Colleague: 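Here it is, the structure in full.
For clarity, every value in this text was computed on a predicted model and none was experimentally measured. Residues: numbered from 1 along the sequence shown.
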Amino acid sequence: MKTNLKQLKEKIIETILMLSGAATSITVVLIVFFLFIEGAGVFNRKPIDDGYLLAVNATNKVKGLHPSQIKDIFDKKITNWNQVGGENRPIVLFRTSDITDYYTEEELGPDFEYFPEKINELISKQPGIIAFFSDKYKSDNFSGRELDIDKIKVGEFLSGEEWFPTAQPIAQMGVKPLIYGTLWVSFGAILLALPIGLAAAIYLSEIAKKRTRSLLKPLIELLAGIPSVVYGFFGLVVIVPLIQSTFNLPVGETALAGSVVLAIMALPTIITISEDAMRNTPRAMKEASLALGASKWQTIYKVVMPYSASGITAGAILGIGRAIGETMAVLMVTGNAAVIPHTLLAPVRTIPATIAAELGEAPNGGLHYEALFALGCILFLITFGINMLVELVTNRKSHKKH
């Protein structure tokens with residue numbers, strides 16, 4: 001009876017564990033699925049707000065324009081239609097608020113009931129006009145022609161060099177500066193954190209006395225529990241002014257400042273996991289190495305580190321993940337400028353910082369909202385790619401050992 005009861009308990013525990021594992025896996029898959037479904041929606045849309053249109057005179061030969069060309073037209077960098085393949089004719093810009101420059105309030109009607117007719121009349125009279133207005137002001141007998149605007153393409157989204165999703169009349173959806181900013185800051189952080197973290201882990205596991213280790217280990221682990229905003233304040237007060245004065249820069253909010261702050265944040269993870277992995281190296285292997293005449297440093301380099309390579313790799317992966325996914329601290333110290341960086345001493349903006357800064361302002365289900373989800377997909381793919389690359393390198397090393 002007792003045996004059956006014990007088996008029943010074990011079976012229940014086994015079922016609970018299996019269900020919790022399945023639930024976790026399903027949750028992760030659903031999160032990723034939801035992320036990609038929302039993010040992919042941006043590629044089914046045109047880079048113009050819902051309910052708005054761009055119209056030209058019916059005689060205009062230009063059939064369609066690239067988003068960057070439309071932006072340059074409304075920024076008055078392009079002033080003639082022959083610059084975009086049309087006739088030699090000056091471009092006349094029109095927004096809804098400009099209607100009073102052409103018609104009086106009496107002509108528009110007390111309740112603006114003649115607004116659609118007047119816009120239609122204006123477009124038909126002005127051969128060089130390009131009009132941006134709400135489609136509710138499009139009259140039933142509209143005599144102009146809507147400009148053909150292409151949907152957002154994946155290639156243009158990734159290679160575009162300008163991120164301005166709220167621009168009017170056309171949103172600029174270029175994520176290249178954000179990808180570059182994320183990679184610069186993250187790899188800078190890892191280049192700083194990995195050597196220091198490994199050195200500290202080697203010291204704690206192989207060189208430090210027991211009393212020193214018992215004092216330092218909790219202090220290092222305590223660093224992992226400090227909120228990221230506190231690191232951001234520290235970077236803003238200490239690191240940013242230091243970089244500004246050291247390199248004689250106009251501002252200290254740079255990619256380097258972000259890298260230093262992220263390196264400090266990643267250190268506890270790298271040190272703790274690497275040190276635990278090194279301390280799990282069998283004592284017999286170390287003693288055998290020393291008995292064969294190897295020095296202490298040769299034993300660390302030739303025996304301890306190769307044996308604990310998987311643990312060190314895990315620490316590096318988690319450290320990289322902390323660096324790439326960090327939001328608030330980076331937002332505070334990197335300058336938040338969506339430009340392509342050419343040096344670590346330039347201001348940058350990362351993908352997580354962009355999502356954090358803009359998601360609260362983006363209307364649910366809108367173009368800007370879906371573009372931010374697409375940024376989340378890119379961040380997921382970058383992290384996933386780095387993890388797979390590290391796993392590949394680790395597996396190759398383990399195969400070579402065998």
Colleague: Given side chain to side chain contact (heavy atoms under 4.5 Å, CB included), test Ile149 with Leu65 step by step and report yes or no.
Modeller: CA-CA 6 Å; Ile149 302 170; Leu65 289 171; over 6 Å; no
Colleague: Between the side chains of Asp49 and Gln168, is a donor N or O closer than 3.5 angstrom to an acceptor N or O?
Modeller: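 Short answer, yes.
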Colleague: Between Ala329 and Val261, which heavy-atom pair has the shortest distance, and what is it?
Modeller: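 That would be CB-CG1, 3.8 Å.
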Colleague: How far does NZ of Lys118 sit from CD1 of Ile99, to the nearest 0.5 angstrom?
Modeller: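 Result: 9.0 Å between the selected atoms.
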Colleague: State whether the side chain of Ser20 and the backbone N or O of Leu17 hold a donor-acceptor pair below 3.5 Å, judged by distance alone.
Modeller: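 Present.
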Colleague: With a 4.5 Å heavy-atom cut-off, do Trp297 and Ile207 have their side chains touching?
Modeller: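 Yes. Closest side-chain heavy atoms under 4.5 Å.
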Colleague: Can you tell me how far the NE2 atom of His66 sits from the CD1 atom of Ile170, to the nearest 0.5 Å?
Modeller: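 Spacing of NE2 (His66) from CD1 (Ile170) equals 10.5 Å.
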Colleague: For the atom pair CZ (Phe43) and CD (Glu370), what is the distance rounded to the nearest 0.5 Å?
Modeller: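 With rounding to 0.5 Å, CZ (Phe43) is 10.0 Å from CD (Glu370).
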Colleague: Measure the spacing between NZ of Lys77 and CD of Gln83 and express it to the nearest 0.5 Å.
Modeller: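 The NZ atom of Lys77 sits 12.5 Å away from the CD atom of Gln83.
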Colleague: Mark yes or no for whether Ser228, through its side chain, and Met328, through its backbone, hold a donor-acceptor pair below 3.5 Å.
Modeller: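 Not a single qualifying donor-acceptor pair exists.
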Colleague: Tell me if the CD atom of Glu113 is crowded by more than 12 foreign heavy atoms within 6.0 Å.
Modeller: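 Atom CD in Glu113 is packed in, count exceeds 12.
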Colleague: Check the pair Leu367 / Ile152 against side chain to side chain contact (heavy atoms under 4.5 Å, CB included), numbers first and verdict last.
Modeller: CA-CA 10 Å; Leu367 179 65; Ile152 298 169; 3.7 Å; yes
Colleague: Do Asp276 and Lys217 sit within salt-bridge range, that is, some charged N less than 4.0 Å from a carboxylate O?
Modeller: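 Looking at Lys217 together with Asp276, the answer is yes, because their closest N to O distance falls below 4.0 Å.
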Colleague: Could you please spell out the steps behind the side chain to side chain contact (heavy atoms under 4.5 Å, CB included) verdict for Met173 and Phe157?
Modeller: CA-CA 6 Å; Met173 297 287 188; Phe157 186 75; 3.8 Å; yes
Colleague: Roughly how far, to the nearest 0.5 Å, is the CD atom of Glu253 from the CG atom of Leu236?
Modeller: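 It comes to 6.0 Å.
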Colleague: Ser25 side chain to Gly21 main-chain N or O, any donor-acceptor pair under 3.5 Å?
Modeller: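 It does hold such a pair.
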Colleague: Does the side chain of Leu223 reach to within under 4.5 Å of the side chain of Ile226, using non-hydrogen atoms?
Modeller: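 Yes, at least one pair of side-chain atoms sits under 4.5 Å.
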Colleague: Checking the side chain of Ser274 only, and the main-chain atoms of Ile271 only, is there a donor and an acceptor separated by less than 3.5 Å?
Modeller: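 Judged by distance alone, no pair lies under 3.5 Å.
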Colleague: I'd like to know if Glu206 and Lys296 make a salt bridge, using a cut-off of under 4.0 Å between side-chain N and carboxylate O.
Modeller: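 Salt bridge: no.
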Colleague: Quick one, Ile378 and Ile382 - any side-chain contact, counting heavy atoms below 4.5 Å?
Modeller: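 Side chain of Ile378 against side chain of Ile382, heavy atoms only: contact under 4.5 Å found.
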Colleague: If you look at every heavy atom in Ile270 and Ala193, which pair is closest and at what distance?
Modeller: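 That closest heavy-atom pairing would be CD1-CB, 4.0 Å.
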Colleague: Find out whether Pro347 and Val339 are in side-chain contact, i.e. whether some heavy atom of one side chain is under 4.5 Å from a heavy atom of the other.
Modeller: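 Side chain of Pro347 against side chain of Val339, heavy atoms only: no contact under 4.5 Å found.
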Colleague: If you count heavy atoms of other groups shown closer than 6.0 angstrom to CG of Asn44, is the number above 12?
Modeller: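 More than 12 heavy atoms, drawn from other residues, nucleotides or ligands, come within 6.0 Å of this atom.
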Colleague: Are any of the side-chain heavy atoms of Leu331 and Asn336 separated by less than 4.5 Å?
Modeller: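 The answer is yes; the side chains approach within 4.5 Å.
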Colleague: If every non-hydrogen atom of Ile123 is compared with every non-hydrogen atom of Ala55, which pair is closest and at what distance?
Modeller: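 Taking Ile123 first and Ala55 second, the nearest heavy atoms are CD1-CB, 4.1 Å.
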Colleague: What I'd like to find out is whether the side chain of Leu290 reaches to under 4.5 Å of the side chain of Glu287, using heavy atoms alone.
Modeller: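 No, too far: nothing below the 4.5 Å cut-off.
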Colleague: At their closest point, which heavy atom of Gly235 faces which heavy atom of Val333, and how far apart are they?
Modeller: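 Distance-wise, the nearest heavy atoms are C-CG1, 3.8 Å.
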Colleague: Kindly check if the number of other-residue, nucleotide or ligand heavy atoms within 6.0 Å of CZ (Phe74) is above 12?
Modeller: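 Enclosed: over 12 neighbouring heavy atoms sit under 6.0 Å from CZ of Phe74.
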Colleague: List the steps, then state whether side chain to side chain contact (heavy atoms under 4.5 Å, CB included) holds for Ile340 with Trp184.
Modeller: CA-CA 10 Å; Ile340 295 177; Trp184 274 76; over 6 Å; no
Colleague: Kindly say whether Val185 contributes a backbone atom to a donor-acceptor pair with the side chain of Ser259 at under 3.5 angstrom?
Modeller: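 Confirmed, Ser259 side chain pairs with Val185 backbone.
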Colleague: Between the side chain of Asn60 and the main-chain N/O of Val62, is any donor-acceptor distance below 3.5 Å?
Modeller: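 Such a contact is found between Asn60 side chain and Val62 backbone.
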Colleague: Looking only at atom types and distance, does a side-chain atom of Gln244 sit under 3.5 Å from a main-chain N or O of Pro250, one as donor and one as acceptor?
Modeller: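 Yes, Gln244 side chain to Pro250 backbone: donor-acceptor pair under 3.5 Å.
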Colleague: In this structure, is the centre-to-centre distance between the rings of Phe34 and Phe373 below 6.0 Å?
Modeller: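 Here the rings of Phe34 and Phe373 have centres that are less than 6.0 Å from each other.
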Colleague: Check whether the ring centres of Phe36 and Phe380 lie less than 6.0 Å apart, and answer yes or no.
Modeller: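 Phe36 vs Phe380: aromatic centres under 6.0 Å.
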Colleague: What heavy-atom pair brings Gly252 and Ile243 nearest, and what distance separates the two atoms?
Modeller: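 What the structure gives for the nearest pair is O-CG2, 4.3 Å.
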Colleague: For Ser295 and Gln298, indicate whether the former's side chain and the latter's backbone hold a donor-acceptor pair under 3.5 Å.
Modeller: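 Yes, because the side chain of Ser295 sits within donor-acceptor range (under 3.5 Å) of the backbone of Gln298.
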Colleague: Would you check if the side chain of Asn80 reaches a backbone N or O of Arg89 as a donor-acceptor pair within less than 3.5 Å?
Modeller: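 Yes.
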Colleague: Is the Phe132 ring parallel, tilted or perpendicular to the Tyr52 ring (thresholds 30°, 60°)?
Modeller: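 Because their plane-to-plane angle is under 30°, the rings of Phe132 and Tyr52 count as parallel.
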Colleague: Sort out for me which residue in Lys176, Gln172, Lys71 forms a side chain to side chain donor-acceptor pair (under 3.5 Å) with Glu162.
Modeller: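 It is Lys71; the other options fail the test.
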Colleague: Show the nearest heavy-atom pair for residues Leu192 and Ala263, with the distance to one decimal.
Modeller: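 Shortest heavy-atom contact: CB-CB, 3.8 Å.
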Colleague: Looking only at the side chains, is there a donor atom on one of Glu121 and Tyr103 sitting less than 3.5 Å from an acceptor on the other?
Modeller: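 Distance-only check passes for Glu121 and Tyr103.
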Colleague: Are Val304 and Met278 side-chain neighbours, meaning at least one heavy-atom pair lies under 4.5 Å?
Modeller: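 SC-SC contact between Val304 and Met278 confirmed.
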Colleague: What distance separates Trp163 CH2 from Leu375 CG, expressed to the nearest 0.5 Å?
Modeller: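 It comes to 4.5 Å.
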Colleague: How about Thr96 and Ser134: do any of their side-chain heavy atoms sit closer than 4.5 Å?
Modeller: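 Sidechains of Ser134 and Thr96: no contact.
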Colleague: Has Ser186 got a side-chain atom pairing as donor or acceptor with Leu183's backbone, closer than 3.5 angstrom?
Modeller: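 The answer is no, because no donor-acceptor pair under 3.5 Å joins these two groups.
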Colleague: Looking at Phe233, I'd like to know if its CZ atom is crowded, meaning that more than 12 non-hydrogen atoms belonging to other residues, nucleotides or ligands lie closer than 6.0 Å.
Modeller: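 Counting neighbours around CZ of Phe233, 12 or fewer heavy atoms of other residues, nucleotides or ligands fall under 6.0 Å, so no.
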